[in-house]
Amino acid sequence: MEQRYHPELIEPKWQEYWKEKKLFKVQEDPSKEKYYLLEMFPYPSGKIHIGHVRNYTIGDVVVRYKRMRGFNVLHPMGWDAFGMPAENAAIDNNTHPAAWTYANIRAMRKQLKKMGFSYDWDREIATCRPEYYKWEQWLFLQMFQKGMVYRKESYVNWCEKCQTVLANEQVEQDCCWRCSQTVQQKKLWQWFFRITDYAEDLLVHCDKLPGWPDKVTVMQKNWIGQSIGSEIKFQVDGKNEDVVVFTTRPDTVFGATFMCLAPEHPMVETLSLGTEQEAAVAAFVQKISRQERSAEGLEKYEKEGVFTGAFCINPATGEKIPVYTANFVLMGYGTGAIMSVPAGDQRDFDFAKKYNLDIRMVVAPEDHSIDPENMTQAYTGQGVMVNSGKFNGLDNQTAMDEITRWLEDQGRGKKTISYRLRDWGISRQRYWGAPIPVIHCPDCGQVGVPESDLPIRLPEEANLLEKGGSPLPTLAYFAKATCPVCGREDARRDTDTMDTFVESSWYYLRYCSPRYTNGMFDPEAVKYWAPVDQYIGGVEHAVLHLLYSRYFMRVLNTLGLVDFKEPFTRLLTQGMVCKETMMCPEHGYLYPEEAIKNDAGSFVCSKCDSDVEVGRVIKMSKSKKNVVDPNELLEKYGADVTRLFSLFAAPPERDLEWNEDGIEGSNRFVNRVWRLSLDCIEKFKGIDPYQGPASDIKNESAKKLYIKAHQTIQKVTDDIEKSFHFNTAISAVMELVNEMYTYDLDSDDVQLKQVMVFCLDNMLLLLSPILPHFCEEVFARSGRQHGSILEQTWPEYREDSLQTDEVLVVVQVNGKLRAKFSMDASASVDTIKQTALADERIKKLLGEKTPKKVIVIQKKQTLVNIVI
RNA sequence: GCCGAAGUGGUGGAAUUGGUAGACACGCUAGACUUAGGAUCUAGUGUCGUGAGACGUGAAGGUUCAAGUCCUUUCUUCGGUACCA
């Protein structure tokens, strides 16, 4: 008998077998119940890392389990192949994004195949292929026709020196990551999807996704950020013009002593025009344009503002109040203007203190009074109206509605709902993406390209500019176009490409009919397979990717292309696999293998010997190079052990700091099972598994083992079905194996032999989704069944064989464990109590005292607590 | 900053509804077998204490017969924060 499992011989053999028998190829089959399981497709960064291994192993186990349960399972794989890293790599290594991407896909596909994942590879897609993005362009045109896409000016990070747009990731401390020049904000005309039209629908349905983790729907709700409030018009002093503000606190309007506009607000310039503040305002707006305007960036800057030189009339008080422009007001939220109530809002309060502006109490707490002269912070709580004319004395909740109605009657306000969610900007001034299918004509404006011209191909032979800029605008043969409407020949093609989130918003539908040429997908195939029954991916996608996908299905639903709105019925968000970063002062981020540990225990760079700075433990990502390639594990232990270990390390939703010290244990387990199985096969030839109830087994230890086996089936099934907690499923099987090891394989007891055969068979079935190659091999060697273990059915446990006749009773005195004994499971509460009190150790502890109370619990645990 | 998570032995983690804290592993210690061992097997292993016992789930309070689990406050770390995907 071979003493060891040899993955290098066995795994390729079964991979070949599965391929030959086309076991993972699926087709629509109305006679079977479908199950569509999808893992988030990878960006082809070059190599898969442990995070991918974990993600795809989880999915593969569920897929194999569902197949054994009789489902017709769709399990595809593909590549999120457009994106910025390809451009960066092209600049760094003097390659072409396409060449780099396709080479990476080849390498990663090979690695995935080595892992034995059960994909239907015939359905593979890559989003950078024209056959894919053609349909994305087609959809863009449909949306364009329906007014679901529009253009507006918005800001990008701009490096003047490199003459290029930078992603947020490429901005380091306000500077360009390549040249360290200070980054500017530059205004460009860009395309937007009107996702805000669906804000309410997306929000409402967050509560109708029972298969999603609450934390994800909570994050989405907060992201959409509905707030109910009012729009109030403030007339500009001396002009027939209004500034419209959005506020969630219309009750405080009497306390509005100044206003703030976003620096990008169109009225900032017009209001300051001709005042002595004109220059100061222009300077301020210029200054702010250098500041990062992201939510995260905003917090980095001190709150500041400047007087515009203009005043507005507070519609409630009739007073003139100054209008400021301030960096903490966002153009993208509400109306881009706020009324400032320093007594009731902390930011307004800080601002008022800084610029010496009036503070007036309008909502006062009921239990104490506040003097606006001496207050140190805003009062944001509930209270009673003061200084508010005829509304004085009302509670502020009532006043909210009444003041809104009052303003409405005067035509100065109305109740509105505002969302934090902004429209989705999809224009990218990049090369490696899907071209936006629009032609700009001097006469006709923006014109969609005719459908017959699709796809608008990305010119793959183009070379990237040295500093990272897109070459598309410089390519006359690409950028020059004839207007499809009027035929003008000096029209210009849009040279922006689409955000890569667009590709990932619908790829799961393309998998249903990946080679379909008459549309985005074959409606029949989508009808059968969609929506995705189980989606699995990193929790870092909780908001953007998942929200965009939900939005896209609503768009397709509106366009009549699909009959559902929610793309993913169930969602599992796995935790991230993390690792510390390694930073060399000379060479930047290092791969783990490039940082060498020296005798002193610190790290040095393998290229230049400099001391390496060990950074924080963060999610594995190609850009930070803190990635662990599974190849080494695959070489040494094979796919099955690697799969087992990645599942055994932690439950899927937990973040994991990568550490492979434990893999020896997984390897040891697999080899233990190997030896035990081959031993059993040899010794129990011709013996059939025991089938009956546990109560018919005479040998007590055989009975115990049999019950353990049924408990294991139950535990593993529940863990997979209910929570995807494979780590505990695996430890349950380990317990069974440990127990099987204690039995004498040479015993003459026939029932024991039958029980052992039962255990062996079922153990293999339970492990087969996790260790598919291994289990195929052992299953084949057992010789009692034919075909693949994949085609077997999942084991069932017997309800009548899950319990032993004895229960363990634990006895506590004042909640502290003092004794335990086992008893017949049918013992009465009274018998248990008496037995506990009669226990020697308990008697000693009680001494003369009489227990105040004796509590007997018979739930998961039989427990007696004696209170003295 | 804001939104969402997570903190349990030397390590990864376990503990349906509050009910034996530390399952299952890694590591370590000792032993067995062996020409050999980075193979395998057996036993031990939360901390303090010779012991009885005491203490122990990031920290501090609280509820309860009983708290890792519920409540309040707080600290640290991670993810997202709209152009990384």
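Quick caveat, the model's predicted, so the values are computed rather than measured. Order of the sequence lines sets the chain letters (A, B, ...), proteins ahead of strands, with each chain counted from 1.
- If you check B:G49 for Watson-Crick or wobble pairing at under 3.5 angstrom, you find it has no partner at all.
- Of the side-chain N and O atoms in A:N168, none sit less than 4.0 angstrom from OP1 or OP2 of B:U81.
- Phosphate proximity of B:A25 to A:R672: absent, as no side-chain N or O sits under 4.0 Å from OP1 or OP2.
- Using cut-offs of 30° and 60° for the angle between ring planes, the A:F82 and A:W432 rings count as perpendicular.
- Taking the six-membered ring where tryptophan is involved, the planes of A:Y535 and A:F568 are essentially parallel, since the angle between them stays under 30° and well short of 60°.
- When each of A:V502, A:D496, A:T500 is tested with A:M498 by the rule side chain to side chain contact (heavy atoms under 4.5 Å, CB included), just one qualifies, namely A:V502.
- Taking 4.0 angstrom as the limit, A:R4 places none of its side-chain polar atoms (N or O) nearer than this to OP1 or OP2 of B:A39.
- B:C28: Watson-Crick or G-U partner is B:G44, with both key distances under 3.5 Å.
- In the set B:C78, B:U17, B:C83, the nucleotide with an atom closest to the side chain of A:K860 is B:U17.
- As the counterpart of B:A23, no nucleotide is assigned, since no Watson-Crick or G-U wobble pattern has both distances under 3.5 Å.
- OP1 and OP2 of B:C3 both lie 4.0 Å or more from every side-chain N or O belonging to A:K221.
- Rounded to an integer number of Å, the gap from A:E169 CD to B:G79 P is 13 Å.
- Ring planes of A:W424 and A:Y551: perpendicular class, angle over 60° (limits at 30 and 60°).
- Closest to the side chain of A:E540, from the set B:G80, B:G19, B:C83, is B:G80.
- The six-membered or imidazole ring of A:F669 lies away from that of A:F648, with a centre-to-centre distance of 6.0 Å or more.
- The side chain of A:K816 sits closest to B:C55 out of B:C3, B:A85, B:C55.
- Computed from coordinates, the A:K215 NZ to B:A5 P distance equals 8 Å when rounded to whole Å.
- Taking a cutoff of 4.0 Å between a charged side-chain nitrogen and a carboxylate oxygen, A:R675 and A:D679 do not qualify as a salt bridge.
- Listed nucleotides: B:C78, B:A14, B:U20. Nearest to the side chain of A:P651: B:A14.
- Applying the 4.0 Å criterion to OP1 and OP2 of B:A82, one finds that A:R422 has every side-chain N and O outside that range.
- Applying the 4.0 Å criterion to OP1 and OP2 of B:C24, one finds that A:N738 has every side-chain N and O outside that range.
- With a cut-off of 3.5 Å on both Watson-Crick or G-U wobble distances, the partner of B:G18 is given as none.
- For A:Q190 against B:C83, a side-chain N or O and a base N or O form a donor-acceptor pair under 3.5 Å.
- Across all strands shown, B:G62 is found opposite B:C70 as a Watson-Crick or G-U wobble partner, with both distances under 3.5 Å.
- Residues A:L845 and A:I855 both approach RNA chain B. Their nearest nucleotides, taken by heavy-atom distance, put A:L845 toward the 5′ side.
- Between A:R841 and B:G53, a side-chain N or O to OP1/OP2 separation shorter than 4.0 Å is present.
- Considering only side-chain N and O atoms, A:R654 lies under 4.0 angstrom from the phosphate OP1 or OP2 of B:A14.
- The partner of B:A39 cannot be assigned: no Watson-Crick or G-U wobble pair with both contacts below 3.5 Å exists in any strand.
- Closest to the side chain of A:T500, out of B:G4, B:A85, B:G19, is B:A85.
- Under the Watson-Crick and G-U wobble criteria, each requiring two contacts below 3.5 Å, nucleotide B:G4 is paired to B:C78.
- Looking at the side chain of A:V867, the nearest of the listed nucleotides B:C65, B:C83, B:A54 is B:C65.
- Between A:R668 and B:G38, a side-chain N or O to OP1/OP2 separation shorter than 4.0 Å is absent.
- You'll find a donor-acceptor pair under 3.5 Å spanning the side chain of A:Q429 and the base of B:C83, going by distance alone.
- Note on ring orientation: taking the six-membered ring where Trp is involved, the planes of A:H52 and A:Y56 are parallel (angle under 30°, cut-offs 30° and 60°).
- With its glycosidic angle more than 90° from 0, B:G13 is assigned anti.
- Between A:K859 and B:U16 there is no side-chain polar atom (N or O) within less than 4.0 angstrom of OP1 or OP2.
- Phosphate contact (OP1/OP2 of B:C2, side-chain N/O of A:R420, threshold under 4.0 Å): absent.
- When each of B:A85, B:G12, B:G38 is scored by its nearest atom to the side-chain atoms of A:F648, the top-ranked nucleotide is B:G12.
- The A:M576 side chain lies nearest to B:G79 when the options are B:G13, B:G19, B:G79.
- Nearest to the side chain of A:S731, among B:A54, B:A82, B:A23, sits B:A23.
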